[in-house]
Amino acid sequence: MNVLATPQSASSTAKPAEHFDVLIVGAGISGIGSAYHLTRQLPDKSFVILESQESFGGTWLTHKYPGIRSDSDLHTFGYRFKPWVGPPIATSDEIKSYMGEVIAENDLGKHIRYKHRIERASWSSATNLWTIEAVRTDSGEPMNFTANFLWMCQGYYRHSRGYTPQWPDMDKFKGRIVHPQLWPEDIELRDKKVVVIGSGATAATLIPAIAGKCAHVTMLQRSPTYFRVGRNAIELAETLRQLQVKEEWIHEIVRRKILFDQDAFTRRCIAEPEQVKKELISQITAVLGPDYDVEKHFTPKYRPWRQRIAFVPDADLFLGIKSGKASVVTDEIDRFTEKGILLKSGQELEADIVVTATGFDLCVLGDIAFSIDGKPLNFGDTVTYRGMMFTGVPNMVWVFGYFRASWTLRTDLVADFVCRLLAHMKEKGAKKVVPALRPEDHNMPLLSWIDPENFNPGYMMRNMNLLPKRGDKPEWQHSQDYWAEKDEIPAIDLDDAAFVYD
Ligand SMILES: Cc1cc2nc3c(=O)[nH]c(=O)nc-3n(C[C@H](O)[C@H](O)[C@H](O)COP(=O)(O)OP(=O)(O)OC[C@H]3O[C@@H](n4cnc5c(N)ncnc54)[C@H](O)[C@@H]3O)c2cc1C
């Protein structure tokens, strides 16, 4: 670490800027995984992780609602380098303790600066450096850094608040409205009527967790969602454990099996969506019985796989419904009333507590004000290079994981790419790399970041204009296809004309 002069744009009271080769934004699962790979692959690089929260975990630290757990298996959501030894669906505490072990085992703690919120990042072509202006969230002290390379692991949504649509007369409601992302510690559920608005993974997790603790919980959904039901265990892992196979091997074998099965499932979703739909819904009918109106409440209108399919371990959501402690209402909200929610059908749902499990507030690159040589950067004006880099933006990579497969599979792949790129730059003596459209790309149609026909969750659709553009060639797309990218990313030709070095 070097100490440089205070950058001109920073506050005059700020300490001199500290310099690092690489600055990682965020200590979530992506930031910690990226730091691990950097220390292993390029041990000579100096680096720091800046994290605005008081600890590591990101998503798993922010979300504290009852029952919070993963919806994908931890063999693939865990890193490729550290075996996952627990049940496949994990609680946030289990995920944090796994990440804590990665930090401790690899001595990463000394590189992390908590309570550092980055507010500005400015690139200077004169120095080929990023200047990062952060503020300490405890003292308000400005902290300045310079870095050759920015590794953006800030996730994709705003941690400080969730997305709550505005419905008429919300202010008239006498009860409490809570977003799961800001779950209050003091909330008392006993004897309370709770309505959870939403039907995604959050609702599916929260409802079984509180069903036995409140008077009744209702899942209020505008339209149904797909779920998969199964035991929270992987038979192959159990068998291999019985055979006393080493955990490292079990992790690798089970990962391969899960990924193989997921690929086959995706292909089936595309080839025979109606059959897959039937199978998914029949799992639910099997629990709820033939008299339950599965057609109305659990038969989605979209094709499976356009949105992530949440896994419901041990069918707990459906068992809660079957027991009568939880119920589902499929309707639209007309307005709030003093006592609850009036639905378009005319029914009034009484509630003491309304939980808005209505999703995220998409946040592009951590609410950081970026500029390049003094000019503000709008990511919506850039074109994405494989969902990792952006045209015109030097020395920066964004780790944006998979939606359908586990996010972290891409963290590992992107980390290998970054390390290869940094090593290549050193070899070439380059201080700067910036993605640029090649001559053959100039008339390429520019489309929205993600094809809504392929994947269309609400938080993406609401904010597509904020995200970089996509082209019609693989280089300029974020494919969301692990099976293609696991071979394509390692094979990227770093001397392709899409990379301009200086
Ligand atoms: C409840 C829930 C369950 C999920 N379950 C799964 C699952 O089972 N499988 C799956 O694949 N995905 C799941 N996801 C998606 C999940 O967000 C990602 O998989 C993954 O955890 C994202 O990790 P990340 O490190 O990239 O980002 P995050 O977890 O969002 O962490 C980013 C970190 O960066 C910090 N940060 C952001 N901006 C700044 C700034 N300006 N300055 C300093 N620090 C900053 C944040 O404080 C945060 O700690 C889930 C999401 C939620 C909300």
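Because the structure is a prediction, the values reported are computed rather than measured. Whatever order the structure lists them in is the order used to number ligands and atoms, beginning at 1. Scope of the values below: all heavy atoms of this structure, side chains included, with no hydrogens, waters or symmetry mates.
- Nearest protein heavy-atom contact of atom 40 (C) of ligand 1 is I118 N, 3.8 Å.
- Among F56, W407, W398, the residue whose heavy atom lies nearest to atom 19 (O) of ligand 1 is W407.
- Taking the ring centroids of F370 and F379, they lie under the 6.0 Å cut-off.
- Within the structure, the closest approach of I368 to ligand 1 falls below 4.0 Å when heavy atoms are considered.
- Heavy atoms of D367 stay at 4.0 angstrom or farther from ligand 1.
- For the pair D138 and R136, the salt-bridge criterion is met [side-chain N within less than 4.0 Å of a carboxylate O].
- Considering F56, F47, F20 in turn, F47 is the only one that fulfils the ring-ring contact (aromatic ring centres under 6.0 Å, His included) rule with H111.
- When non-hydrogen atoms are compared, ligand 1 lies under 4.0 Å from the backbone of H116 (N, CA, C, O) but not from its side chain.
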Margin query: Does T330 form a side chain to side chain donor-acceptor pair (under 3.5 Å) with H297? I'd like the steps, not just the answer.
Written below: CA-CA 6 Å; T330 306; H297 300 306; 2.6 Å; yes
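- Listed for the E485 side chain is no donor-acceptor partner under 3.5 Å among the backbone atoms of Q480.
- Counting only N and O atoms by type, the side chains of H19 and T146 include a donor and acceptor under 3.5 Å apart.
- Between Y157 and ligand 1, no N or O atom pair is found at a separation short of 3.5 Å.
- Proximity of Y156 to ligand 1 is established by a heavy-atom distance of less than 4.0 Å.
- Taking any N or O of G366, backbone or side chain, at least one lies under 3.5 Å from an N or O belonging to ligand 1.
- In the vicinity of G28, heavy-atom distances shorter than 4.0 Å reach the ligand 1 atoms 25 (O), 31 (O).
- With a 4.0 Å cut-off on non-hydrogen atoms, E51 touches ligand 1 through its backbone as well as its side chain.
- Between the side chains of T382 and T391, not a single donor N or O lies within less than 3.5 Å of an accepting N or O.
- The I68 neighbourhood of ligand 1 comprises atoms 1 (C), with distances under 4.0 Å to a heavy atom of that residue.
- Looking from atom 27 (O) of ligand 1 to the surrounding protein, the closest heavy atom is G155 CA, 3.3 Å.
- Remark: distances from the non-hydrogen atoms of F360 to ligand 1 include one below 4.0 Å.
- Side chain of D21 to main chain of S46: a donor-acceptor pair is present (N/O by atom type, distance under 3.5 Å, no hydrogens or angles).
- Look at F403 and you'll find every heavy atom at least 4.0 Å from all atoms of ligand 1.
- No hydrogens or angles considered: nothing links the side chains of T384 and H478 as a donor-acceptor pair under 3.5 Å.
- Only side-chain heavy atoms of W60 come within less than 4.0 Å of ligand 1; its backbone N, CA, C and O stay farther off.
- Side-chain atoms of Q181 come within 3.5 Å of backbone N or O of R161 as a donor-acceptor pair.
- When the shell of 6.0 Å around CD of E105 is examined, it contains more than 12 heavy atoms from other residues, nucleotides or ligands.
- Atom OG of S34 is separated from atom CH2 of W151 by 4.5 Å, given to the nearest 0.5 angstrom.
- Between F318 and F298, the two ring planes are perpendicular [angle over 60°; tilted spans 30° to 60°].
- Scanning the protein heavy atoms around atom 45 (C) of ligand 1, the nearest turns out to be S52 OG, 3.8 Å.
- Using the six-membered ring where Trp is involved, W84 and Y98 have ring planes that are perpendicular, over 60° apart on the 30 and 60° scheme.
- Atom 12 (N) of ligand 1 has R308 NH2, 2.9 Å as its closest protein atom, hydrogens excluded (heavy atom only).
- Proximity of F77 to ligand 1, defined as any heavy-atom pair under 4.0 Å, is confined to the side chain (atoms from C-beta onward).
- Atom numbering of ligand 1 starts at 1 in the shown order; those under 4.0 Å from a heavy atom of S30 are 23 (O), 24 (P), 25 (O), 26 (O).
- Protein heavy atom at the shortest distance from atom 39 (C) of ligand 1 is V25 CG1, 4.1 Å.
- I95 CD1 to L61 CG: the interatomic distance, rounded to the nearest 0.5 Å, is 12.0 Å.
- The cationic atom of R228 (NZ for Lys, CZ for Arg) does not lie both less than 6.0 Å from the six-membered ring centre of F311 and within 45° of the ring axis.
- Within ligand 1, counting atoms from 1 as listed, the ones closer than 4.0 Å to a heavy atom of Y65 are 1 (C).
- At a heavy-atom cutoff of 4.0 Å, ligand 1 is contacted by the backbone of C153 but not by its side chain.
- Close contacts between ligand 1 and L50 involve ligand atoms 43 (C), 44 (N) [criterion: under 4.0 Å to a heavy atom].
- Looking at heavy atoms from C-beta onward, Y156 lies in side-chain contact with F360 at the 4.5 angstrom threshold.
- For atom 30 (O) of ligand 1, the closest non-hydrogen atom of the protein is H159 NE2, 2.7 Å.
- Among all protein heavy atoms, the one lying closest to atom 17 (O) of ligand 1 is T59 OG1, 3.0 Å.
- Counting only heavy atoms, the protein gets under 4.0 Å from atom 9 (N) of ligand 1.
- Atoms of ligand 1 lying under 4.0 Å from any heavy atom of G26, numbered from 1 in the order shown and given with element: 33 (C), 34 (O), 35 (C).
- For ligand 1, the atoms lying closer than 4.0 Å to a non-hydrogen atom of H63 are 53 (C).
- Residue S72 has at least one N or O atom closer than 3.5 Å to an N or O atom of ligand 1.
- Below 4.0 Å from some heavy atom of S406 lie the following atoms of ligand 1, by number and element: 11 (O).
- Taking only nitrogen or oxygen atoms, main chain and side chain alike, I29 reaches within less than 3.5 Å of ligand 1.
- Heavy atoms of T202 stay at 4.0 angstrom or farther from ligand 1.
- No donor-acceptor contact under 3.5 angstrom links the side chains of Q262 and Y482, judged on distance only.
- Ion pairing between R113 and E18 holds under the 4.0 Å rule for side-chain N and carboxylate O.
- With respect to atom 37 (C) of ligand 1, the closest heavy atom belonging to the protein is Q154 CB, 3.5 Å.
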